[in-house]
Amino acid sequence: ANGAALVLHILGGIALPVLLAVMWTVAVATAVAFAATGDAGGRAAIRRNVVVGLVAGIVAVVIYDATKAALAQLDPSPYNPFEVTRIFGTLLVGASAPAAVIAVVGWGFHLMNGCTFAIAFTCLFGRNGDISKRRAVITGIIWGMFLETFQLLLYPGWLGVRFVDEFRRISFSAHVAFGLALGLLVPYGLRRLSPSAVDAE
């Protein structure tokens with residue numbers, strides 16, 4: 001929902017809050033429909049995926065941001081890889097809002113993006129943790145590169161990035177770190193919360 005809303009805003013210029021309201025209404029309605037029509041095992045699996053994806057997403061976003069911060073310190077250019085969070089906040093609450101509110105909302109949206117992408121990864125590729133570490137890591141990195149591709153296609157023109165080479169290097173490395181973290185954390189979390197693991201404890 002977040003990713004689709006952001007892409008539509010960038011391509012179509014529709015207000016981001018409006019798009020988020022529409023996309024999340026559809027997402028919640030879909031989740032409710034799945035819960036109403038699925039069996040207890042299916043609902044339990046969805047809950048596990050959401051919990052594991054959320055926790056893994058929080059950790060992966062911290063790693064993603066730490067990677068960007070470290071690389072930005074090593075780069076002599078004045079490029080600020082976190083400027084986009086201010087833009088997110090401005091789009092959501094308006095330029096006239098206090099700077100602190102813009103910052104909190106912008107960072108909140110950034111974290112929400114990372115967590116929802118992590119939950120999507122968990123649902124699509126987690127396989128209840130029944131996946132080798134090597135395959136999970138490769139799949140996670142590919143997921144990170146998938147997200148990186150969209151960012152490279154959309155962000156430079158949308159944000160008017162002047163330091164494109166720096167943007168690419170930092171963004172690429174950060175998305176690799178994000179995907180690697182998901183590849184390591186998601187299968188572990190799913191195995192820990194699987195019914196057999198819970199019964200064993």
Hey, any chance L8 and F117 share a hydrophobic cluster, counting ILVMFWY side chains that come within less than 4.5 Å of each other, even indirectly? no

Pairs meeting criterion side-chain hydrogen bond (donor to acceptor under 3.5 Å, both in side chains) with involvement of residues 6-19, two or more places apart: none

For the residue pair H175 and F178, categorise the inter-ring angle as parallel (less than 30°), tilted (30 to 60°) or perpendicular (more than 60°). perpendicular

Minimal heavy-atom distance between A97 and I102, with the atoms involved, is O-CD1, 3.5 Å

Show every salt bridge (charged side-chain N to carboxylate O under 4.0 Å, His left out) that has at least one partner inside residues 132-161, sequence neighbours left out. none

Rounded distance (nearest 0.5 Å) linking atom CE of M145 with atom CG of L152: 8.5 Å

A side-chain contact here means heavy atoms from C-beta on lying under 4.5 Å apart; do F167 and P156 qualify? yes

Whichever hydrophobic residues join V62 through chains of side-chain contacts under 4.5 Å: none

With rounding to the nearest 0.5 angstrom, report the OG to OH distance, S173 to Y64. 11.0 Å

Considering all heavy atoms of both residues, which atom of C115 and which atom of G57 are nearest to each other, and what is their separation? SG-C, 4.0 Å

Would you say that N2 contacts W24 through its side chain, given a criterion of any heavy-atom pair below 4.5 Å between the two side chains? yes

Does the side chain of L6 reach to within under 4.5 Å of the side chain of L19, using non-hydrogen atoms? no

Decide side chain to side chain contact (heavy atoms under 4.5 Å, CB included) for Y155 and I10; before the verdict, give the C-alpha distance in whole Å, the side-chain angles of both, and the deciding distance to 0.1 Å. CA-CA 9 Å; Y155 275 32; I10 294 171; 4.2 Å; yes

Is N49 close to L190 at the side-chain level, that is, under 4.5 Å between some pair of heavy atoms? yes

Within the structure provided, determine whether Y79 and I170 are in side-chain contact (heavy-atom separation under 4.5 Å). yes

Co-membership, hydrophobic cluster, residues L182 and V55, 4.5 Å side-chain: no

Answer whether the closest heavy-atom distance between the side chains of I87 and W158 falls below 4.5 Å. yes

List, by chain and then residue number, the residues other than L185 in its hydrophobic cluster (Ile/Leu/Val/Met/Phe/Trp/Tyr, side-chain heavy atoms under 4.5 Å); write none if there are no others. V59, I63

Distance (rounded to the nearest 0.5 Å) between N113 CG and T85 OG1: 11.5 Å

Which pairs pass salt bridge (charged side-chain N to carboxylate O under 4.0 Å, His left out) with one or both residues in residues 166-181, sequence neighbours excluded? D75-R169, D165-R168

Verify the cluster assignment for V26 and V50: are they in a single hydrophobic cluster under the rule of side-chain heavy atoms below 4.5 Å apart? no

Looking only at non-hydrogen atoms, find the nearest pair between A177 and T67 and report the distance. CB-OG1, 3.5 Å

Residue pairs involving residues 83-106 (criterion salt bridge (charged side-chain N to carboxylate O under 4.0 Å, His left out); sequence neighbours excluded): E83-R86

Residue pairs passing the ring pair (Phe, Tyr, Trp, His ring centres under 6.0 Å) test with at least one member in residues 29-51, sequence neighbours excluded, are none

Taking atom CZ of F172 as the centre, does the number of heavy atoms from other residues, nucleotides or ligands within less than 6.0 Å exceed 12? no

Are I14 and L92 connected into the same hydrophobic cluster when the rule is that any two of I, L, V, M, F, W, Y join if their side-chain heavy atoms are below 4.5 Å apart? no

Applying salt bridge (charged side-chain N to carboxylate O under 4.0 Å, His left out), which residue pairs with at least one partner in residues 63-73 are found, sequence neighbours left out? none

Under the ring pair (Phe, Tyr, Trp, His ring centres under 6.0 Å) definition, can you give me all pairs with a residue in residues 86-106, not counting sequence neighbours? F88-F109

Residues that, via side-chain heavy atoms closer than 4.5 angstrom, fall in one hydrophobic cluster with F82: W107

Linking Ile, Leu, Val, Met, Phe, Trp and Tyr by side-chain heavy atoms under 4.5 Å, what else ends up with I142? I138

Within this structure, what is the CG-CD1 distance for the pair L180 and I141, rounded to the nearest 0.5 Å? 5.0 Å

Please say yes or no: joined through hydrophobic side-chain contacts below 4.5 Å, possibly via intermediate residues, are V18 and L11 part of one cluster? no

With sequence neighbours left out, what residues match F146 under ring-ring contact (aromatic ring centres under 6.0 Å, His included)? W143, F150

